[in-house]
Amino acid sequence: MSNFWYYITCKRKDNRAMQLIASKVFIIFLYIAIGFAANKLRILGTDSINHLISLVLNITTPCLLIYSICGQSICPDTFSNTIIIIILSIVMFIVFGAISVKISRLFSKKSNDQQNVLSVAMVTCNSGFMGFPIARSVFGQVVLYYSVVQNIACNLYLFIGCMIQMNLGDSKDGSGKIRAISKETIIKPFKNVVTIVSICSVIVLFSGIRIPAPAMNFLSSIGETTVPLSMIIIGIQLGDCKLRGLITDKELIISSLVCLVLEPALAIITIWFLPLASVLKLTIALSFTYPSAVLSVALAAAEHKDTKLMSEAVAMSTMMSMITLPIWIIVIGHLF
């Protein structure tokens with residue numbers, strides 16, 4: 001009889017946890033709906049996006065990261081977990097990158113450059129701009145900390161691994177010289193504000209320096225605006241998409257399904273059998289559920305590739321993630 005009541009109590013706690021996750025996911029997508037409506041009602045047009053993104057990336061997100069990381073309590077496993085998540089994430093990105101290249105070669109109607117663009121769209125994930133607010137809002141500060149660490153690995157692969165993918169089968173540039181990975185390419189991931197703040201905050205955390213309470217309260221009040229602002233921006237972007245043109249492109253749909261369904265499933269299967277802490281499993285699985293990274297459009301432009309196709313791939317995966325992301329969040333929250 002005691003076992004029966006124990007089972008009922010655990011089941012109720014499990015249901016309450018799932019309801020809490022579902023309610024937080026609902027609030028996040030309500031923010032997106034507000035952005036979408038604001039775009040359609042011409043309250044916030046696409047001309048406002050660049051200013052809002054600059055605000056989020058350069059002000060509110062750094063404040064959120066400093067507050068969240070420096071407010072962590074160090075435990076004996078924190079340092080080892082930090083190293084584990086960086087190495088494991090890089091390995092998984094390399095494996096998924098190889099898989100995305102193989103799948104892209106099945107798109108016979110696309111040119112080599114377009115296949116490369118879609119392979120990058122499949123493997124990149126918006127684990128920073130979209131991921132930080134969701135990790136913080138749904139799963140809390142600890143998962144946000146490990147999400148920040150995972151995003152460092154994501155940026156490294158985006159600016160190095162994805163540059164290689166973008167130029168596969170095209171070993172020479174316009175002047176006929178052999179392409180090479182330049183010094184600038186290697187240091188580029190470390191030059192954006194979010195990465196710099198992430199690394200500095202981790203150093204402050206492990207050095208034992210404590211930020212005064214008034215400063216932490218200030219950082220918290222600014223950082224908390226990141227969640228609604230980020231999701232409203234995504235809603236504005238979706239409001240400007242031409243849905244009919246996207247849903248008729250079979251290759252775009254397949255590449256989005258690889259990004260949003262196949263790779264998250266493979267990530268969950270992989271980490272399920274690894275002897276890792278549950279918070280690491282949750283963070284890694286969550287990081288691969290997000291749509292294609294917006295930064296991949298800038299990468300395509302820098303490499304003189306098909307930016308229109310990359311923009312469409314990002315838009316398509318973002319729209320489809322409105323369906324897949326809530327499902328994955330609930331599944332991952334239940335599993336880990």
Problem set entry | S287-S127 side chain donor-acceptor pair, cut-off 3.5 Å | no

Problem set entry | Heavy-atom side-chain proximity of I253 to L257 below 4.5 angstrom | yes

For this session: Flag the pair I199 / I152 as yes when at least one side-chain heavy-atom distance between them is below 4.5 Å, and no otherwise.
Result: yes

Exercise. Taking the side chain as C-beta and beyond, is there a heavy-atom pair between T270 and I284 under 4.5 Å?
Worked result: no

Exercise. Cut-off 3.5 Å, side chains only: do Q165 and S119 have a donor facing an acceptor?
Worked result: yes

For this session: Is it possible for you to say whether V279 and F273 belong to one hydrophobic cluster, with membership spreading through side-chain heavy-atom contacts below 4.5 Å?
Result: yes

Exercise. Can you name the ring-ring contact (aromatic ring centres under 6.0 Å, His included) partners of Y157, sequence neighbours left out?
Worked result: F93

Problem set entry | Any side-chain heavy-atom pair of M320 and P291 under 4.5 Å | no

Exercise. Hey, quick one: are I209 and M216 part of the same hydrophobic cluster, counting side-chain heavy atoms closer than 4.5 Å, chains of contacts allowed?
Worked result: no

Exercise. Could you give the distance from CG (N217) to CD1 (I211), rounded to the nearest 0.5 Å?
Worked result: 11.5 Å

Exercise. Is any side-chain heavy atom of Y146 less than 4.5 Å from a side-chain heavy atom of L282?
Worked result: no

Exercise. Counting only heavy atoms not in F206, do more than 12 fall under 6.0 Å of its CZ?
Worked result: yes

Problem set entry | Check: V117 and M122 side chains under 4.5 Å, non-hydrogen atoms | no

Seminar exercise, completed: Scanning both residues in full, the closest heavy-atom pair of P326 with I323 reads CD-O, 3.4 Å

Problem set entry | Distance-only polar pair, side chains of Y145 and T78, donor-acceptor under 3.5 Å | no

For this session: Establish whether V202 and V204 are linked, either directly or via other cluster members, by ILVMFWY side-chain heavy-atom contacts under 4.5 Å.
Result: no

Exercise. In terms of side-chain geometry, is the basic nitrogen of D249 or K109 positioned less than 4.0 Å from the acidic oxygen of its partner?
Worked result: no

For this session: Can you measure from CD (E251) to CD (E312) and round to the nearest 0.5 angstrom?
Result: 11.5 Å

Exercise. Taking the six-membered ring for Trp, are the ring centroids of F96 and F288 within less than 6.0 Å of each other?
Worked result: yes

Exercise. Do I236 and S48 have side chains that get closer than 4.5 Å, going by heavy atoms?
Worked result: yes

Exercise. Is the closest side-chain heavy-atom distance between L88 and L274 below 4.5 Å?
Worked result: yes

